[in-house]
Amino acid sequence: MVEMTFTVAPGVVGAREAAGSELADAHAAAAYISDSCLRDGPLGRVGLELEAHCFDLAQPLRRPDWARLRHVIDALPPLPGGSRVTVEPGGAVELSGPPRDGAPAAIAAMAADRAVLRDAFATAGLGLVLLGADPLRPARRVNPAARYQAMEAFFAATGTATPGAAMMTSTASVQINLDAGPRHRWAERVRLAHALGPTMVAIAANSPLLHGRFTGWRSARQRIWSELDEARCGPVLGSAGSADPAGDWARYALRAPVMLVRGASGTAEPVTTRVPLADWADGRVPLGDRRPTENDLDYHLTTLFPPVRPRRWLEIRYLDSVPDPLWPALAFTLVTLLDDPAAADIAAEATEPVATAWDRAARVGLTDRRLHASALRCVTAAAERAPAELAESMRRLVCSVEQGRCPADDFADRVIRDGIASAVIQMARGEL
């Protein structure tokens, strides 16, 4: 976590930096990664990132083009909560908030920024829809950034073009960034962040459709990620008893194939054969006729997408984007279950039977008896600790979980009643 924001821009670094001192071997690379991946310190700061699919309210099947998106964003006033606005490859719009002291402050700031952004886009005839996956349009990239062009080429060359395109252009999430905490608690904290994953995936599942069709999954977003390379997108955590999350991350990064390198001009160049980072670092495959530098390692780490990613802080990446009445409670629940010691103990016990049930959670959500039991204990523990300003959002979330429903069930009901396009436009206009 940096001083003013959790967000580290993954921009391409210039050729001079990329050509810095080369690392001696994979051991040196592992040492660099493990030494820099988590920061020792107190708990308490929370950063939120919220992605929303952007729809043309008059033509919902058409993706707004890059120029139109930039026109709206460039005209925005400074946002009251200090969020940065970026555009995902498929035109989804992301708010990335700076860290705040505690979940309530981070939620309030994000809600204020979301309101300003939503109004600005509505004035331009555009709607920002909080769903885990685009239910209507085929995958298509609109962001022209060189990094995304190179990612497309990598996915095509490695046989994952379809899920890669869907991941880049058709998914959206709520991301929660938390302090790593004191070093002696890192292993326990990372284990719990992973163990909570399936339960929170089931609670937040909000993507029953993709590209105009029901998928049979409550979270098509999670299914898409599961179809990508496990070495790049699977959970980091090694054995259940691992006491070395920094070492786990280094080993994960070394096994993962290199996706992009920087060319002489500083642009992103795809690696079109499978080259684990360890092979590059040990000189078995000298990409760019050299071994990697520390800057290359930093760039490689931005191309790894596990559900929990160490970036000096912990990046929780497994939640579908959910509607405005629910995301505040969802964010508060996850933060509370990780940062409040008593709630963390409850969560650790509740999630133990389902700690690895990622696919089941994404497919059936809270209709699974054990996931439902875990979810109910977890949201109840969070609700007991919620401040007054989050009481209504927490009430809605608890009620939904008690009924064994996730947001995907509500959206599916609306689609069946009104059709996909109408359901999307209703959400874009705030008709919840």
Requested in this report: For Cys378 and Ala350, work out which heavy atoms get closest and say how close.
Outcome: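 Looking at all heavy atoms of both residues, the shortest contact is SG-CB, 4.2 Å.
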Query - Least distance between heavy atoms, Cys54 atom then Arg137 atom - result: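 Cys54 and Arg137 have their closest heavy atoms at O-NH1, 2.8 Å.
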With heavy-atom distances below 4.5 Å as the criterion, would you say the side chains of [X] and [Y] are in contact?
{"X": "Val93", "Y": "His53", "result": "no"}
{"X": "Leu95", "Y": "Glu51", "result": "no"}
{"X": "Arg377", "Y": "Thr351", "result": "no"}
{"X": "Cys406", "Y": "Asn206", "result": "no"}
{"X": "Pro387", "Y": "Phe332", "result": "yes"}

Requested in this report: Please test Arg218 against Asp368 for salt bridge (charged side-chain N to carboxylate O under 4.0 Å, His left out), starting from the C-alpha separation and ending with a verdict.
Outcome: CA-CA 12 Å; Arg218 269 24 180 232; Asp368 178 88; over 6 Å; no
Can you confirm if the NZ or CZ of [X] lies within 45° of the ring axis of [Y] and under 6.0 Å from the centre of its six-membered ring?
{"X": "Arg62", "Y": "Phe55", "result": "no"}
{"X": "Arg360", "Y": "Trp358", "result": "no"}
{"X": "Arg317", "Y": "Phe305", "result": "no"}

Would you say the side-chain atoms of [X] pair up with the backbone N or O of [Y], donor to acceptor, closer than 3.5 Å?
{"X": "Thr160", "Y": "Pro163", "result": "no"}
{"X": "Ser374", "Y": "Leu371", "result": "no"}
{"X": "Tyr299", "Y": "Ala268", "result": "no"}

For residues 115-127, tabulate all N or O donor-acceptor pairs below 3.5 Å that involve a side-chain atom, not counting sequence neighbours.
residue	atom	partner	partner atom	Å
Arg118	NH1	Asp324	OD2	3.3
Thr123	OG1	Asp119	O	3.0

**Report entry** Electrostatic pair Arg141-Glu152, nearest N-O below 4.0 angstrom
**Finding:**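 Salt bridge present between Arg141 and Glu152.
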Requested in this report: Would you please test Asp56 and Arg68 for salt bridge (charged side-chain N to carboxylate O under 4.0 Å, His left out) and show each step?
Outcome: CA-CA 10 Å; Asp56 185 323; Arg68 189 175 181 190; 2.8 Å; yes
Query - Passing option when Asn177 is tested against Glu49, Arg312, Arg45 for side chain to side chain donor-acceptor pair (under 3.5 Å) - result: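 When Glu49, Arg312, Arg45 are each tested with Asn177, the side chain to side chain donor-acceptor pair (under 3.5 Å) holds only for Glu49.
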